[in-house]
Amino acid sequence: VQLQASGGGLVQAGGSLRLSCAASGNVFSLSDTGWYRQAPGKQREWVATATRDLTTNYADSVKGRFTISRNNVKETVYLQMNSLRPEDTAVYYCNSLTFGREYWGQGTLVTVSS
């Protein structure tokens with residue numbers, strides 16, 4: 001399984017971005033997918049999950065502002081980020097749990113200016 005994240009960039013506080021993560025391997029529909037982020041000087045933290053049965057969960061810090069979704073036909077998971085804050089600045093990584101193994105994308109940088 002290979003994951004390719006995209007969509008990061010520079011945005012002002014209050015703005016929006018949509019991240020995408022395209023998967024390869026033809027097992028996407030059988031995988032749980034998620035987004036994590038790592039801010040400068042901090043540990044990587046979980047942001048959101050969309051399971052293979054389409055259950056979604058969010059970290060409290062993003063609940064109500066971020067939406068995770070997935071398209072099994074396109075084998076892509078998305079993270080719609082609204083009302084962005086400077087503290088959302090981080091490298092965002094997509095993640096896949098497939099047959100008990102974890103896979104990671106390369107990360108995409110999101111910078112929110114105040």
Side-chain angles (χ1 to χ4, degrees):
V1 176
Q2 292 186 327
L3 303 172
Q4 181 72 36
S6 62
L10 173 64
V11 63
Q12 288 188 332
S16 299
L17 279 176
R18 188 175 83 152
L19 306 182
S20 300
C21 178
S24 63
N26 295 318
V27 291
F28 184 81
S29 63
L30 303 177
S31 305
D32 294 335
T33 56
W35 288 94
Y36 290 70
R37 67 186 181 186
Q38 187 166 17
K42 295 188 177 181
Q43 290 188 330
R44 190 175 297 189
E45 65 174 0
W46 168 71
V47 174
T49 297
T51 66
R52 58 190 180 273
D53 63 359
L54 304 183
T55 300
T56 59
N57 287 288
Y58 299 90
D60 287 343
S61 58
V62 307
K63 202 172 293 183
R65 300 187 298 122
F66 291 10
T67 302
I68 188 171
S69 61
R70 52 189 285 168
N71 184 319
N72 286 347
V73 174
K74 294 184 177 181
E75 296 193 311
T76 302
V77 58
Y78 305 96
L79 186 68
Q80 177 67 43
M81 305 185 295
N82 298 327
S83 301
L84 282 161
R85 305 167 179 168
E87 55 263 39
D88 295 317
T89 295
V91 177
Y92 284 71
Y93 298 90
C94 55
N95 168 277
S96 168
L97 181 63
T98 307
F99 302 135
R101 292 188 63 180
E102 258 191 330
Y103 299 88
W104 293 91
Q106 85 287 5
T108 184
L109 176 63
V110 172
T111 303
V112 184
S113 63
S114 57

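Predicted model only: the values in this text are computed from it and were never measured.
Annotation for Ser6 and Thr108: closest pair C-OG1, 4.1 Å, computed over non-hydrogen atoms. Annotation for Tyr103 and Leu3: closest pair O-CD1, 3.5 Å, computed over non-hydrogen atoms. Scanning all heavy atoms of the two residues, the minimum distance from Gly105 to Tyr93 falls at O-CD2, 3.6 Å.
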Atom pairs and distances, donor-acceptor, side-chain atoms in residues 40-48, under 3.5 Å, two or more places apart:
{"unit_1": "Glu45", "atom_1": "OE2", "unit_2": "Arg37", "atom_2": "NE", "d": "2.6"}
{"unit_1": "Glu45", "atom_1": "OE2", "unit_2": "Arg37", "atom_2": "NH2", "d": "3.2"}
{"unit_1": "Trp46", "atom_1": "NE1", "unit_2": "Ala48", "atom_2": "O", "d": "3.4"}
{"unit_1": "Trp46", "atom_1": "NE1", "unit_2": "Thr49", "atom_2": "OG1", "d": "2.7"}

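With hydrophobic clusters built from ILVMFWY side chains whose heavy atoms lie under 4.5 angstrom apart, Leu84 shares a cluster with Ile68. A continuous path of ILVMFWY side-chain contacts below 4.5 Å connects Tyr36 to Leu109, so both sit in one hydrophobic cluster. Following chains of ILVMFWY side-chain contacts shorter than 4.5 Å, one cannot reach Leu79 starting from Val91, and the two form parts of different hydrophobic clusters.
Scored by the side chain to side chain contact (heavy atoms under 4.5 Å, CB included) test, Gln106 finds Gln4, Ala5 as partners (sequence neighbours excluded). For Val110, the side chain to side chain contact (heavy atoms under 4.5 Å, CB included) partners at least two apart in sequence or on another chain are Leu17, Leu19, Met81, Tyr92, Val112. Arg65 pairs by the side chain to side chain donor-acceptor pair (under 3.5 Å) definition with Asp88, not counting sequence neighbours. By the side chain to side chain donor-acceptor pair (under 3.5 Å) test, Glu102 is found to be paired with Asn95, residues two or more places apart in sequence or in another chain being considered. Residues forming a side chain to side chain donor-acceptor pair (under 3.5 Å) with Ser83 (at least two apart in sequence, or on another chain): none. In terms of the side chain to side chain contact (heavy atoms under 4.5 Å, CB included) criterion, residue partners of Leu30 (sequence neighbours excluded) are, by chain and number, Phe99. Residues passing the side chain to side chain donor-acceptor pair (under 3.5 Å) test with Ser114: none are found, sequence neighbours excluded.
Apart from Val73 itself, the hydrophobic cluster it occupies contains nothing, where clustering links Ile, Leu, Val, Met, Phe, Trp and Tyr at side-chain heavy-atom distances under 4.5 Å. By the 4.5 Å side-chain criterion applied to Ile, Leu, Val, Met, Phe, Trp and Tyr, Leu97 is assigned to no cluster and stands alone.
Judged by distance alone, the side chain of Tyr78 and the main-chain N or O of Thr67 form no donor-acceptor pair under 3.5 Å.
Applying the disulfide bond (SG atoms under 2.5 Å apart) test to pairs two or more places apart or on separate chains, those with a residue in residues 48-109 are Cys21-Cys94. Residue pairs that meet the side chain to side chain donor-acceptor pair (under 3.5 Å) test with at least one member in residues 19-35, sequence neighbours left out, are Ser31-Thr98, Asp32-Arg52, Thr33-Arg70.
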